[in-house]
Amino acid sequence: MTSESTPPADFASLPWAEFGFPGPLRDQLVGAILDGSKTSTTGLVVDYEHEGEALPEAGDRLVVVDSDERPVAVIEVTGVRVVPLADVDLAHVVDEGEGDTSVAEWRAGHERFWHGEEVRRALEDPGFTVDDTTQVVLERFRLIADLRLDDRADANTP
């Protein structure tokens, strides 16, 4: 459930938030955002640097896109911390909404992702790895609007 009944009027001008890469993982993550179970995410500082993007800040609003790059939600960043990977805490892990029940379980899954071909290709570093000292961005957010509601309303309009 969202705290606002309609999306911000200017949502089309907001930057996009892409969770994972298009496909099953993104679909799972977007679904968790939409059902309210995902309220945090973790990014790599090196990824922001590689893309030339500023780190998120509290108050930023972003349009979440699905695997087909359709806008499906608007989120608002509520907090950001940059910490070494070794300092990720269980509260953050649970709030990622991926079903992990321990930091070790969460880390193993994230390392598989970060060490995967898609991340290495995106970073242009075929040997990229993370370790305890890797700086990560712990981002908290809240769902502002479910944009799919507009699609359903439009579909019911004669």
Side-chain angles (χ1 to χ4, degrees), residues 2 7 11-148:
T2 64
F11 83 88
S13 67
L14 295 174
W16 282 9
E18 298 175 293
F19 289 80
F21 295 100
L25 176 60
R26 179 175 292 175
D27 296 340
Q28 173 193 344
L29 298 175
V30 168
I33 291 167
L34 292 167
D35 74 18
S37 60
K38 181 171 183 63
T39 58
S40 72
T41 193
T42 306
L44 298 168
V45 169
V46 68
D47 188 30
Y48 285 93
E49 291 170 346
H50 182 267
E51 296 298 321
E53 295 179 7
L55 295 180
E57 295 180 3
D60 288 351
R61 288 189 173 190
L62 306 155
V63 174
V64 176
V65 297
D66 66 12
S67 289
D68 295 320
E69 296 189 349
R70 289 183 303 230
V72 294
V74 177
I75 58 173
E76 180 179 61
V77 177
T78 60
V80 177
R81 293 185 295 148
V82 176
V83 301
L85 183 56
D87 291 351
V88 174
D89 58 82
L90 183 59
H92 179 81
V93 165
V94 170
D95 290 346
E96 280 211 4
E98 297 176 39
D100 296 317
T101 58
S102 71
V103 173
E105 179 183 18
W106 171 89
R107 182 160 168 174
H110 278 68
E111 284 187 11
R112 278 190 301 277
F113 176 76
W114 289 327
H115 295 162
E117 278 304 308
E118 289 176 304
V119 170
R120 289 175 171 172
R121 190 171 29 256
L123 293 174
E124 301 177 70
D125 182 352
F128 177 77
T129 61
V130 298
D131 62 28
D132 283 349
T133 64
T134 301
Q135 294 293 296
V136 294
V137 181
L138 307 182
E139 183 177 345
R140 293 194 165 281
F141 56 85
R142 67 184 183 108
L143 180 63
I144 296 294
D146 181 339
L147 301 178
R148 299 170 311 155

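The first residue in the sequence is number 1, and the count goes up from there.
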Practice item. Please identify each residue that fulfils salt bridge (charged side-chain N to carboxylate O under 4.0 Å, His left out) with Arg107, with sequence neighbours left out. Key: Glu111, Asp132
**Study point:** Passing candidate, side chain to side chain contact (heavy atoms under 4.5 Å, CB included) with Leu62, options Glu139, Glu76, Glu18
**Key:** Glu139
Just wondering, do [Y] and [X] contact through their side chains at under 4.5 Å, heavy atoms?
{"X": "Val65", "Y": "Arg70", "result": "no"}
{"X": "Leu14", "Y": "Val74", "result": "yes"}
{"X": "Thr42", "Y": "Val137", "result": "no"}
{"X": "Phe19", "Y": "Gln28", "result": "no"}
{"X": "Leu138", "Y": "Val80", "result": "no"}
{"X": "Leu147", "Y": "Val63", "result": "yes"}

Measure the spacing between [atom1] of [X] and [atom2] of [Y] and express it to the nearest 0.5 Å.
{"X": "Arg26", "Y": "Leu29", "atom1": "CZ", "atom2": "CG", "value": "9.0 Å"}
{"X": "Asp131", "Y": "Leu85", "atom1": "CG", "atom2": "CG", "value": "8.0 Å"}
{"X": "Glu69", "Y": "Trp16", "atom1": "CD", "atom2": "CH2", "value": "4.5 Å"}
{"X": "Asp125", "Y": "Arg120", "atom1": "CG", "atom2": "CZ", "value": "8.0 Å"}
{"X": "His92", "Y": "Thr41", "atom1": "NE2", "atom2": "OG1", "value": "6.5 Å"}
{"X": "Leu143", "Y": "Ile33", "atom1": "CG", "atom2": "CD1", "value": "8.0 Å"}

List in chain and number order the residues that pass side chain to side chain contact (heavy atoms under 4.5 Å, CB included) with [X], two or more places apart in sequence or in another chain; answer none if no residue qualifies.
{"X": "Ala104", "result": "Ser102"}
{"X": "Asp100", "result": "Val93, Glu98, Glu105, Trp106"}
{"X": "Asp27", "result": "Ser67"}

Restricting to non-hydrogen atoms, name the atom on [X] and the atom on [Y] that form the minimum distance, rounded to 0.1 Å.
{"X": "Leu55", "Y": "Val82", "result": "CD1-CG2, 3.8 Å"}
{"X": "Ala32", "Y": "Asp35", "result": "O-OD1, 2.9 Å"}
{"X": "Ala73", "Y": "Leu34", "result": "CB-CD2, 3.8 Å"}
{"X": "Trp114", "Y": "Val119", "result": "O-CG1, 3.4 Å"}
{"X": "Phe128", "Y": "His115", "result": "O-CD2, 3.8 Å"}
{"X": "Ile75", "Y": "Ala17", "result": "CD1-CB, 4.5 Å"}

Practice item. Any chance you could lay out the side chain to side chain contact (heavy atoms under 4.5 Å, CB included) test for Asp146 and Val72, step after step, and finish with the verdict? Key: CA-CA 6 Å; Asp146 181 339; Val72 294; 5.6 Å; no
**Study point:** Set of side-chain hydrogen bond (donor to acceptor under 3.5 Å, both in side chains) partners for Gln135, sequence neighbours left out
**Key:** none
Practice item. Would you mind checking if Arg81 and Asp89 are paired as a salt bridge, meaning a charged N to carboxylate O distance below 4.0 Å? Key: yes
Check your understanding: Does the pair Arg140/Asp95 count as a salt bridge with the N-to-O cut at 4.0 Å?
Key -> yes
Point to revise | Side-chain donor-acceptor pair present, His110, Glu96, cut-off under 3.5 Å | key: yes
Exercise for review: Can you run down the ring-ring contact (aromatic ring centres under 6.0 Å, His included) pairs that involve residues 21-52, sequence neighbours left out, and say none if there aren't any?
Suggested key: Phe21-Phe113
